[in-house]
Amino acid sequence: MPQARKAKYRWYSPHVINKDELLSKIRELSSSMDQIEGQIAAITKEIEDKRNALGEVRRSLAEIRSQIDGVRAKFQKIREDLDRLRARRQEIIDSIRKAKSQILELNMEAQRHREKLDAYRKALSAINEYVGGRPLDKEKMKMLVERLEYYFETSPTDPEWERQFIRTISEIEEELNLADSLEKLRSHIQEIRNRLDELRKRKDEIRQNIANLVSSLNSVKEEIARLKKEREEAYRQLTELKKKREELKQARDELKKAIVDLAVKRKGLRAQLAQLRDELNKYTILLKAADLSERYKNAVEVQNAKRESLRARAEEIYQKLLRGERLTHEEMKVLAEAGYLAEE
C-alpha cells in the first residue's frame, strides 16, 4: 500500500476497527447509492421520454416544413397564373382599344361618304329640277342626235335653218350631258351607299368582336379575383404554418435544453455514485479486514487455550512421573508434545 493510503487508513488498525460502525456506514452508503440509482433511473426515463417527444416534435416540424414548401409552391403557381392572366387582360384591353379605334376610323370614313352622298343628292335634285322631273332617255337622245346630224348633212343649206338646227342639236346634246351626269350621280350615290353598307357591316363585326372581348375580359377578371382570394387564403395558411413552425422550434429547443440539463444532472449523480461506490468498496475492505482480524484473534485464543490445557495435563503427568508411577504411552506423548521430555 502506498504511503499516502497508509496514512489515510492508519486509524483503521485491526485492534480499533468497530464492525458495527463499519456495517452502519456500509448500510448508509448502500441506501444513499440506492437513492441515487433511483434518481438516475428516473432521470434516464425522463430523458428517454423527452427524446421521444423531441422525435415527435422533429417529425411534426418536418411535416410543417413540407406543408410550407407546398404552400410556397402554390404561391408561385398563383403568381405565374396571375402574371399570365394580367398579360391576357392587357392584351384584351389593347384589342378593345384597337377595335374602338377602328370603329372611330370607320365612322370618320362613313361621315366623309355621307357628306359626299349629301352633295351628290343635292346635285341630282338640282338636275331633276332643271329637266322638270321628266325622265331622260340617254339612248334615244343619242339616236336623235345622230339622225339630226345626218339630216343636217343631207338637207339643202339654209343659213337660218342651219342655225336653228344646230341650236336644236346643242340643246339635245346638253340634255344628253345632263343624262350622263344623272347616270354618274346615281352611280356615285349607289357606290357610296354600298360602301356605307360595307362600313356598317364592318362596324357590326367589330362591335361583336368587342362584345366577345369584353366577355373574355370579364372572365379573366373573375379568374384574377378568384386567384387573389386563393392567394389570400394561401397567405393565411402560410402565416399559421410559420407560427406553428416557430412554436415547434421553440418546443424543440426547450426539449433539447431539458435533455442536456438532465444529462448533466445524471452525469453528476453518476459521479457521486462512483464516489460512493469507491467509498463503499473501501469500507467493505475494512470490514473484511476486521473479519480476518477477529478470526485471527479467535484462532490465537483457541491455540493458547489448547496450549494451556496441554501444559496443565503435562504438569499432572509429570508430577505422576516424579512420584515414580508408571506412565502410559499416551501420557508419554503428552509430555513430549509439551516439551517435558526435552527439558530432561
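In this structure, the side chain of Ser309 does not engage the main chain of Ala305 through any donor-acceptor pair within 3.5 Å. Under the 3.5 Å distance criterion, the side-chain polar atoms of Thr44 are matched with a main-chain donor or acceptor of Ile40. Remark: the backbone N or O of Glu48 is paired with a side-chain donor or acceptor of Asn52 at under 3.5 angstrom. When atom types are taken as modelled, the side chain of Thr284 and the backbone of Leu280 share a donor-acceptor pair closer than 3.5 angstrom. Here the side chain of Ser66 pairs no donor or acceptor atom with the backbone of Ala62 at under 3.5 angstrom. Using modelled atom types, one side-chain atom of Ser32 and one backbone atom of Glu28 make a donor-acceptor pair closer than 3.5 Å. Under the 3.5 Å distance criterion, the side-chain polar atoms of Ser30 are matched with a main-chain donor or acceptor of Ile26.
Checked for salt-bridge contact, Asp118 and Arg114 miss the test: no charged N lies under 4.0 Å from a carboxylate O. We find that Arg311 and Glu308 are joined by a salt bridge, their nearest charged nitrogen and carboxylate oxygen being less than 4.0 Å apart. Between Lys25 and Glu21 there is no salt bridge, since none of the side-chain N atoms of the basic residue sits less than 4.0 Å from a carboxylate O of the acidic one. Ion pairing between a basic and an acidic side chain is recognised when a charged N comes within 4.0 Å of a carboxylate O; Glu91 and Arg88 show such pairing. Ion pairing of Glu115 with Arg112 is absent here, as no side-chain N (NZ or NE/NH1/NH2) approaches a carboxylate O to less than 4.0 Å. A salt bridge links Asp204 to Arg207: one of the charged nitrogens lies within less than 4.0 Å of a carboxylate oxygen.
Atom CD1 in Ile259 sits 7.5 Å away from atom NZ in Lys50 (nearest 0.5 Å). A distance of 10.5 Å separates CD in Glu37 from CD in Gln39, rounded to the nearest 0.5 Å. Rounded to the nearest 0.5 angstrom, Gln67 CD and Lys74 NZ are separated by 12.0 Å. A distance of 10.0 Å separates CG in Leu241 from CD in Glu63, rounded to the nearest 0.5 Å. With rounding to the nearest 0.5 Å, the separation of OG in Ser219 from CG in Leu85 is 10.5 Å. For the atom pair CD1 (Ile68) and CG (Leu61), the distance works out to 8.0 Å, reported to the nearest 0.5 Å.
The two residues Leu255 and Ala53 make their nearest non-hydrogen contact at CD1-C, 3.9 Å. The heavy-atom pair separating Ile92 from Leu213 by the smallest distance is CG2-O, 3.3 Å. Considering all non-hydrogen atoms of both residues, Ala263 and Ile47 come closest at N-CD1, 3.8 Å. Taking each heavy atom of Arg195 and His113 in turn, the nearest pair found is CG-NE2, 3.4 Å. Residues Ile36 and Leu269 share a closest heavy-atom pair of CG2-O, 3.5 Å. Annotation for Lys244 and Ile64: closest pair CG-CD1, 3.8 Å, computed over non-hydrogen atoms.
Residues near Leu292 contribute nothing to a hydrophobic cluster around it, because no ILVMFWY side-chain heavy atom sits closer than 4.5 Å to its side chain.
Counting heavy atoms of neighbouring residues, nucleotides and ligands inside a 6.0 Å radius, atom CZ of Arg245 exceeds 12 of them. Under a cut-off of 6.0 angstrom, the local environment of CD in Glu247 is crowded, with over 12 non-hydrogen atoms contributed by other residues, nucleotides or ligands.
Looking at residues two or more places apart in sequence or on another chain, you find a salt bridge (Lys or Arg N to Asp or Glu O under 4.0 Å) between Asp261 and Lys257.
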*Is there a salt bridge (Lys or Arg N to Asp or Glu O under 4.0 Å) between Glu246 and Lys243 once you walk through the steps?*
CA-CA 5 Å; Glu246 293 306 315; Lys243 180 180 179 182; over 6 Å; no

*Please assess Glu198 against Asn194 for the test side chain to side chain donor-acceptor pair (under 3.5 Å), listing each intermediate value before the final yes or no.*
CA-CA 6 Å; Glu198 291 176 1; Asn194 292 339; over 6 Å; no

*After noting the C-alpha distance and the side-chain angles of Gln90 and Asp94, does the key distance pass the side chain to side chain donor-acceptor pair (under 3.5 Å) rule?*
CA-CA 6 Å; Gln90 188 59 46; Asp94 292 341; 2.9 Å; yes

*asked:* The test is side chain to side chain donor-acceptor pair (under 3.5 Å); show your working for Asn212 and Gln208 and say whether it passes.
replied: CA-CA 6 Å; Asn212 295 335; Gln208 184 59 45; 3.2 Å; yes

*asked:* Apply side chain to side chain donor-acceptor pair (under 3.5 Å) to residues Arg295 and Asn298 and explain how you reach the verdict.
replied: CA-CA 5 Å; Arg295 285 197 296 269; Asn298 290 336; over 6 Å; no

*asked:* One pair to check against side chain to side chain contact (heavy atoms under 4.5 Å, CB included): Met332 and Thr328. What are the steps and the verdict?
replied: CA-CA 6 Å; Met332 293 296 291; Thr328 65; over 6 Å; no

*Criterion side chain to side chain contact (heavy atoms under 4.5 Å, CB included) on Asn107 and Lys203, from CA distance to verdict*: CA-CA 9 Å; Asn107 286 335; Lys203 285 192 291 183; 2.7 Å; yes

*Stepwise salt bridge (Lys or Arg N to Asp or Glu O under 4.0 Å) check, Lys201 with Asp197*: CA-CA 6 Å; Lys201 290 179 181 179; Asp197 289 339; over 6 Å; no

*Given Lys228 and Glu232, is the salt bridge (Lys or Arg N to Asp or Glu O under 4.0 Å) satisfied, shown in steps?*
CA-CA 6 Å; Lys228 284 183 176 180; Glu232 291 175 0; over 6 Å; no

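Counting heavy atoms from C-beta on, the side chains of Leu82 and Arg231 come closer than 4.5 Å. Between Gln303 and Arg307, some side-chain heavy-atom pair lies under the 4.5 Å cut-off.
When only modelled atom types and interatomic distance are considered, Gln275 and Glu279 share no side-chain donor-acceptor pair under 3.5 Å. Of the N and O atoms on the side chains of Glu80 and Gln76, at least one donor lies less than 3.5 Å from an acceptor on the other residue.
No chain of hydrophobic side-chain contacts below 4.5 Å, direct or via other Ile, Leu, Val, Met, Phe, Trp or Tyr residues, connects Tyr296 to Ile285. Leu54 and Val260 are members of different hydrophobic clusters when ILVMFWY side chains are connected at heavy-atom separations under 4.5 Å.
Of the residues Leu104, Leu199, Leu196, the one that meets the side-chain contact (heavy atoms from CB on, under 4.5 Å) test with Glu109 is Leu199.
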